[in-house]
Enquirer: 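For reference, the structure I am asking about is given below.
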Amino acid sequence: MIKEKILKRMRRKKRVKAKVFGTKLRPRLSVFRSLRHLYAQVIDDEKSITLISASDLEIGKLKEKVTKTQLAFKVGEELAKKSLKKKIKKLVLDRNGYRYHGRVKALADGARKGGLEI
């Protein structure tokens with residue numbers, strides 16, 4: 001069951017990676033989702049460097065209890081702040097084989113609310 005799930009994700013990832021490429025003008029926003037945390041990176045594929053990164057670990061403990069999806073939204077907003085400081089406004093989303101719902105969608109929505117164009 002688990003192996004099959006991972007294989008399906010890898011197939012989706014391969015399909016997405018064939019189409020998505022980050023340039024200097026429009027870097028790639030790569031999302032990684034573990035069971036506990038969420039990580040996002042803005043990557044320039046031409047130079048193969050990470051320009052910006054954000055995760056829910058940076059946000060730290062919040063006073064009120066929040067769900068993982070709400071935390072993902074805050075990560076998206078934090079990523080948008082950092083991107084706008086580096087004058088990056090347009091990104092292309094690499095969902096890394098994950099379906100576009102839940103935490104991945106919340107992160108993208110948070111980035112859009114923060115002022116990015118995805």
Enquirer: Looking at Leu38 and Ala72, what are the two nearest heavy atoms and their distance?
Expert: CD2-CB, 3.4 Å
Enquirer: Val31, Tyr100: one ILVMFWY side-chain cluster at the under-4.5 Å cut-off?
Expert: yes
Enquirer: Give me the atom names and distance for the closest heavy-atom approach of Ala111 to Ala80.
Expert: O-CB, 3.7 Å
Enquirer: Answer yes if Leu25 and Leu29 sit in the same cluster of Ile, Leu, Val, Met, Phe, Trp and Tyr residues linked by side chain heavy atoms under 4.5 Å apart, and no otherwise.
Expert: no
Enquirer: Rounded at 0.5 Å granularity, tell me how far CG in Leu71 sits from CD1 in Ile59.
Expert: 5.0 Å
Enquirer: Assess whether side-chain contact (heavy atoms from CB on, under 4.5 Å) is satisfied between Val42 and Leu79, documenting all intermediate values.
Expert: CA-CA 9 Å; Val42 175; Leu79 188 81; 4.1 Å; yes
Enquirer: Do Arg112 and Asp109 have side chains that approach each other closer than 4.5 Å (heavy atoms only, starting at C-beta)?
Expert: yes
Enquirer: Using every non-hydrogen atom in the two residues, find where Gly102 and Thr69 come nearest and quote the distance to one decimal.
Expert: O-CG2, 4.0 Å
Enquirer: Would you say Tyr39 and Leu57 make side-chain contact, with heavy atoms under 4.5 Å?
Expert: yes
Enquirer: Quick one: CZ on Phe21 to CG on Asp94, what's the gap to the nearest 0.5 Å?
Expert: 12.0 Å
Enquirer: Any chance you could lay out the side-chain contact (heavy atoms from CB on, under 4.5 Å) test for Lys14 and Arg11, step after step, and finish with the verdict?
Expert: CA-CA 5 Å; Lys14 190 176 176 183; Arg11 254 187 256 131; 5.8 Å; no
Enquirer: What's the shortest heavy-atom distance between Ser55 and Val75, and which atoms?
Expert: C-CG2, 3.7 Å
Enquirer: Quick check against the 3.5 Å criterion: does Arg26 have a side-chain atom that pairs as donor or acceptor with the backbone of Leu91?
Expert: yes
Enquirer: Tell me, do Arg95 and Val16 make a side-chain contact under 4.5 Å, heavy atoms counted?
Expert: yes
Enquirer: Keeping the roles fixed (side chain from Asn96, backbone from Ser30), state whether a donor-acceptor pair exists under 3.5 Å.
Expert: no
Enquirer: Can you tell me if Lys68 uses its side chain to pair, donor with acceptor, with the backbone of Leu35 under 3.5 Å?
Expert: yes
Enquirer: Counting only heavy atoms not in Lys82 (residues, nucleotides, ligands), do more than 12 fall under 6.0 Å from its NZ?
Expert: yes
Enquirer: Hey, are Lys8 and Glu4 close enough for a salt bridge, meaning a charged N less than 4.0 Å from a carboxylate O?
Expert: yes
Enquirer: List in chain and number order the residues that pass side-chain hydrogen bond (donor to acceptor under 3.5 Å, both in side chains) with Arg9, two or more places apart in sequence or in another chain; answer none if no residue qualifies.
Expert: Tyr98
Enquirer: Rounded to the nearest 0.5 Å, what's the gap from CG on Asp56 to CZ on Arg33? Could you check?
Expert: 12.5 Å
Enquirer: Nearest 0.5 Å please: distance from the CD atom of Gln41 over to the CZ atom of Phe32.
Expert: 10.5 Å
Enquirer: Are Leu107 and Leu84 joined in one hydrophobic group, where the rule is that I, L, V, M, F, W and Y side chains link up if heavy atoms are under 4.5 Å apart?
Expert: yes
Enquirer: Drop me the distance from Leu116's CG to Lys90's NZ, to the nearest 0.5 angstrom.
Expert: 12.0 Å
Enquirer: Indicate the atoms forming the closest heavy-atom contact of Ala108 with Ile118, along with that distance.
Expert: O-CD1, 4.0 Å
Enquirer: Does the side chain of Val20 come within less than 4.5 Å of Leu93's, by heavy atoms?
Expert: no
Enquirer: Report the distance from atom CZ of Phe73 to atom CD of Glu78, rounding to the nearest 0.5 Å.
Expert: 13.0 Å
